[in-house]
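Shown next, in structure tokens, is the structure this report addresses.
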Amino acid sequence: MTSRASSDIPSAYNAADVEKRIYQDWLDKDYFKATIDKDKTPFTIIMPPPNVTGELHLGHALEKAIEDALVRWHRMLGDPTLWLPGTDHAGIATQWAVERRLAEEGKNRHQFDREEFVELVWDHVRKFGGVIHEQSRRLGLSADWSRHKFTLDPGPSRAVRTTFLNLYNRGLIYRHERIINWCPRCATALSDLEVDYSEVDGTLYYIRYPIADDPANHVTVATTRPETMLGDTGVAVHPDDPKHKDALGRTVILPIMDRSIPVVGDEAIQPEFGTGALKVTPGHDPVDFDIGQRHNLPIINIIGLDGNITEAGGKYAGMERFQARREIAAELDAMGMLEKTEEYRHSVGHCQRCASVVEPLISLQWFVNLGKHDQPDSIAGRAHAAVAGGDIRVVPERFNRVYLNWLENIRDWCISRQLWWGHRIPVWYCGDCSHMTVSVEDPASCSGCGSTKLEQDQDVLDTWFSSGLWPHSTLGWPEDTEDLSYFYSTSVLETGYDILFFWVARMIMLGIENTGEVPFRTVFLHGLIRDATGAKMSKTRGNTMDPLELSDKYGTDALRFALTTGTAPGNDLRFTESRLESARNFANKVWNAARFVMTSLEGKPGLDGWHDLPLPSHREDRWIVARLDRVTAEVNTSLENFELGDAQQKLYDFIWNEFCDWYIEMAKIRMRSGTGPSPLPVLAHVLERTLRLLHPFMPFITEEIWQNLLARLPQESDSEGNTTESIMISPYPTANGDRRDDQAEEEIALVMQAIRAVRNARAQLHIPANQNLEAVVQANGALQALEEESEVIRVLSRVEPLRIYSGDSVPTNTGRGVTLVVDQLVVHLPLEGVVDLAAESLRLQEERDDCARNLERVSKLVSNPNFRAKAKPDVVETEEERLKSLQERKQRLDEIIQQISG
RNA sequence: GGGCGGUUAGCUCAGCUGGUUAGAGCGCCUGCUUUACACGCAGGAGGUCACUGGUUCGAGUCCAGUACUGCCCACCA
């Protein structure tokens, strides 16, 4: 990068100008590419793969900002760092998107054959698949694009088939006819997780089923779904329910169908609910299915895969299910069999993708046998143990329980989907024998009889089946690749808590099954982004914000900073533009501070040693270096604890409140007067290290400034592996305890307090800024420090003249005015005529009273033997020191008050 | 029906293992074109940390309960 004249540095940071150039530079230099160094422990994050045709929303931006920060931090720490990006084919979501487009053209997928349709989806992927990529670059993501994977790539596809085969051979994948969740719109089975339950206002229908040998009497059942009665094969009551004692064991006649069905007793029935009698439809309700199994009731499918009534539904055959509901209710009413209806609010399952009402029905599907959590060798059992036993740490910890709880109630996972887009199930059925050939490679012939009349299973696998392999399949599994053996198990899996079950749990289960190792050591979960009112952001609500638009407007760094600051891990975040403004202002502050430093050091000699910076001699320098050291330690600790927001807050405070507001202002004074050691090397040193500390969070602006800064500074050889090439490959600062200087910190704090006190008094008394005040300071124990800092005090508090005396030499006749007691200092502003002396006296008395109250509280505490015995020694010491300083303060205030009144 | 959060300044939120007089951003008030920055500077107002009880020398922080509120899970016919 060429050095530019300072006058060329614009006063406002223009993010758009620099981001593209810098990102391209990083790419060109291959900084993102992970390299294996067997002597070091790698840091690996597998990026959660967004939908290949999706667009990044704010949630993605948050996720990627967090991950990029972690990755950049580790890269700077010198860890071989891999952040592996990828995209997901997102079976049902992508197919649904294409089908919607077809629908807009008045078409549907059944007008195409499978190959044609899949080709349409590929067209869609090719058209929109690059968007995610481009957006990721705009966000500055330092992912290793050379290792990018797509779930349908040959490698991950092979991993899918291999997993299927292995689990099948171990008897853990099986094909079975059982009741599953069916989406009639998508025409596919869904897993339990893909069903969203929501409350809807419905109707509870009370239907009479006459008793066969006593038609004058009947059993009344209550149902929200009268159409399912067509498939009833029994009525169930609680065996001990006195209301139904007579009916139990008898036969009732199913109206409309005129079918005789038994009344059975089952413990699952709640006598208090409805009438206490349940119509049993084993074909279309999971509970009924179980009851049916227990009592050997036949299963009748009366709702087909298209959502219409089947042939088994008699005259209603072919009718759409909800129309059938209305018409059957009407017919029952006409027959006098509808006793009554009630409005009833209940929860109904909807397809997560298309929101259609899910229909439970019996279907032949593939399942993974997950076993039980307490079986040590089952899939669920091992996944449970991994978290329960601490092999995987979950941050924040509370999600541990959520995860374990879910596994404790897990049921087998339905993995087949009746879709066309996805990994087709690697099973071939023989046309000559009944044998199933399960294979990684497409088989040429039946493994049972050798016949070549093979037909592959029509179904594809649940998208989450392939996502569940992601940490190892992206690294090359099932091949024993160098990447796999080096980077697996990965370090951190970072994602939103909303896909803990969908994805995280599946990765743990399948990762352990396939590799015998956990897929990652730490799960770090972030919260959801909400809008200003706290509502979830969604396209249908129309309250989404486009990350790229925000990035254009405020800069990527500001966007990233705004998303990740001021929030705790796992907590949701209400996102408003005012957050962005604040972050943008901070970026601008950093920019301008840097501009000042760079302008100041332009062409100046004496900058040697700025990088390692020998311990400075000047108090202000010692102070800022000590503060930097402290902040460096805190930031590192926060990062180690995944408290990114905390780390950023600390940097924000340090840069703005200490470096800019105080140190730079102090430094200006020395720079103008030319006296004392030059602050320039310190300014350069502190700025440079601060930029490095900030880089993981604000990658672009820090790089831009850093390169400009280094171009103006002498090259230093040092112990840290210094580079001027890029901040992103320079070392992350760690705390160096020998920079601590408690004395400098205390003394500068005192100076700052004194300045604040004078400024305060000036503001209170409405003394114009350009009017100088006189000040007489009684320094007491801080004489030397005050004398040495007198210029700073004089200039920053606009005091002229400033006279400093030791405690015992201060003149008594300094005139009346305002007296400020600042810790051990007494600052007197002789303002006779300006100040209302009575008011000043009152103010001092209030201050004294306040001090006395505090003193009483602290002295009570310190004199409490329990406190002295039980509190930690350093706490006792702190309190004792406080007591002492309060006593001194009170004494001074007393003396002053006495003087005034005297 | 279970489980998990949240309730701290007008608003949005930090506050890690209990220990100064509880913090930030935004907003508000008062000054200020002070040659890095008005996306700024200086100063200020504003909080019985939801409520009740308990543990403790000491509680925003730990425990129990209550009230609101949000979310997750569950086969509420």
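Throughout, protein chains are lettered first and strands after them, A, B, ... in sequence-line order, and every chain is numbered starting at 1.
For A/Asn854, no side-chain nitrogen or oxygen approaches OP1 or OP2 of B/U20 to under 4.0 Å. The side chain of A/Asn585 places an N or O atom within less than 4.0 Å of a non-bridging phosphate oxygen (OP1 or OP2) of B/G40. For B/C41, the OP1/OP2 oxygens have a side-chain nitrogen or oxygen of A/Lys589 closer than 4.0 Å. The phosphate of B/C13 (OP1 or OP2) has a side-chain N or O of A/Arg574 nearer than 4.0 angstrom. For A/Lys668 and B/A36, the shortest distance from a side-chain N or O to OP1 or OP2 is below 4.0 Å. Residue A/Arg411 places at least one side-chain N or O under 4.0 Å from the OP1 or OP2 atom of B/C75.
Of the nucleotides present, none pairs with B/U35 by Watson-Crick or G-U wobble criteria with both distances under 3.5 Å. B/U48 is unpaired under the Watson-Crick or G-U wobble criterion, no partner having all donor-acceptor distances under 3.5 Å. Nucleotide B/U55: unpaired (no Watson-Crick or G-U wobble partner with both distances less than 3.5 Å). B/A67 is paired with B/U7 under the criterion used here, namely a Watson-Crick or G-U wobble arrangement in which both key atom distances are under 3.5 Å. As the counterpart of B/A74, no nucleotide is assigned, since no Watson-Crick or G-U wobble pattern has both distances under 3.5 Å.
Closest to the side chain of A/Ser347, from the set B/C76, B/U30, B/G43, is B/C76. Closest approach to the A/Tyr344 side chain among B/C76, B/G19, B/A42 is made by B/C76 (side chain taken as heavy atoms from C-beta onward). Taking only side-chain atoms of A/Ile664, from C-beta outward, the nucleotide of B/G5, B/G19, B/A36 with the closest atom is B/A36. Of the candidates B/C4, B/C41, B/A36, B/C4 carries the atom nearest the A/Arg398 side chain, counting heavy atoms from C-beta on. The A/Ala568 side chain lies nearest to B/G15 when the options are B/G15, B/U30, B/A36. With B/G5, B/G40, B/A77 as the choices, the nucleotide that has an atom nearest any side-chain atom of A/Trp656 turns out to be B/G40. Comparing B/G19, B/A77, B/G3 against the side chain of A/Ile269 picks out B/A77 as the nearest. With distances taken from any side-chain atom of A/Thr567 to the nucleotides B/A14, B/A77, B/G43, the minimum falls on B/A14. Comparing B/C72, B/C71, B/A14 against the side chain of A/Arg530 picks out B/C71 as the nearest. Closest to the side chain of A/Gln270, out of B/A42, B/A77, B/A14, is B/A77.
With P as the reference atom, B/G60 and B/A50 are 10 Å apart, rounded to whole Å. Nucleotides B/C16 and B/U8 place their P atoms 16 Å apart, quoted to the nearest Å. Going from the C1' atom of B/U52 to that of B/G70 covers 23 Å, rounded to whole Å. Annotation: B/G2 and B/A74 have their P atoms spaced 16 Å apart (nearest Å). Taking the P atoms as reference points, B/U56 lies 16 Å from B/G18, given to the whole Å.
For A/Trp662 and B/A36, the CH2 to P distance is 17 Å, given to the nearest whole Å. Remark: P of B/C71 and CD of A/Glu199 are 12 Å apart, rounded to the nearest angstrom. Between the C1' atom of B/C39 and the CG atom of A/Asn592 lies a distance of 9 Å, rounded to the nearest Å. We find that CG of A/Leu644 is positioned 17 Å from P of B/C16, with the value rounded to whole Å. We find that NZ of A/Lys872 is positioned 12 Å from P of B/U17, with the value rounded to whole Å. The interatomic distance linking A/Asn657 (CG) with B/G23 (P) rounds to 14 Å, in whole Å. A straight line from CD of A/Glu577 to P of B/G27 spans 14 Å, rounded to a whole angstrom. Atom P of nucleotide B/G19 and atom CG of A/Leu861 are separated by 13 Å, given to the nearest angstrom.
Heavy atoms of A/Gly566 sit under 4.0 angstrom from primed sugar atoms or phosphate atoms, though from no base atom. Using a 4.0 Å heavy-atom distance criterion, A/Tyr13 is classed as making no nucleic acid contact. Base contact: A/Ala277 has a heavy atom under 4.0 Å from a base atom. At the heavy-atom level, A/Asp498 lies nowhere under 4.0 Å from the strands shown. Nucleic acid contact class of A/Thr878 (heavy atoms, under 4.0 Å, all strands): none. The residue A/Thr576 sits apart from the nucleic acid: no heavy atom pair falls under 4.0 Å. Across all strands, A/Asp661 comes closer than 4.0 Å only to sugar-phosphate atoms, never to a base (heavy-atom distances).
Between A/Lys884 and A/Glu881, no side-chain nitrogen of the basic residue sits less than 4.0 Å from a carboxylate oxygen of the acidic one, so the salt-bridge criterion is not met. One finds a salt bridge joining A/Asp646 and A/Lys650 here, because a Lys/Arg side-chain nitrogen approaches an Asp/Glu carboxylate oxygen to under 4.0 Å. Residues A/Lys340 and A/Glu342 are paired through a salt bridge, judged by an N-O separation under 4.0 Å between the basic side chain and the carboxylate. For A/Asp192 and A/Arg411, the salt-bridge test passes: some basic side-chain N is under 4.0 Å from an acidic carboxylate O. By the 4.0 Å N-to-carboxylate-O rule, A/Arg584 lies too far from A/Glu581 to be salt-bridged with it. A salt bridge is absent between A/Lys890 and A/Asp850; no separation between the charged side-chain nitrogens and carboxylate oxygens falls under 4.0 Å. Residues A/Arg672 and A/Glu791 are not paired through a salt bridge, judged by the lack of any N-O separation under 4.0 Å between the basic side chain and the carboxylate.
Ring-plane geometry between A/Phe642 and A/Phe524 is classed as tilted, the angle between the planes lying from 30 to 60 degrees on a 0 to 90 degree scale. The aromatic rings of A/Phe659 and A/Tyr663 lie parallel to each other, their planes meeting at an angle below 30°, with 60° marking the opposite boundary.
Evaluation of atom-type donor-acceptor distances gives a pair under 3.5 Å for the side chain of A/Glu665 against the base of B/A36.
Both A/Gln649 and A/Tyr197 lie close to RNA chain B; mapped to their nearest nucleotides by heavy-atom distance, the more 5′-ward contact belongs to A/Gln649.
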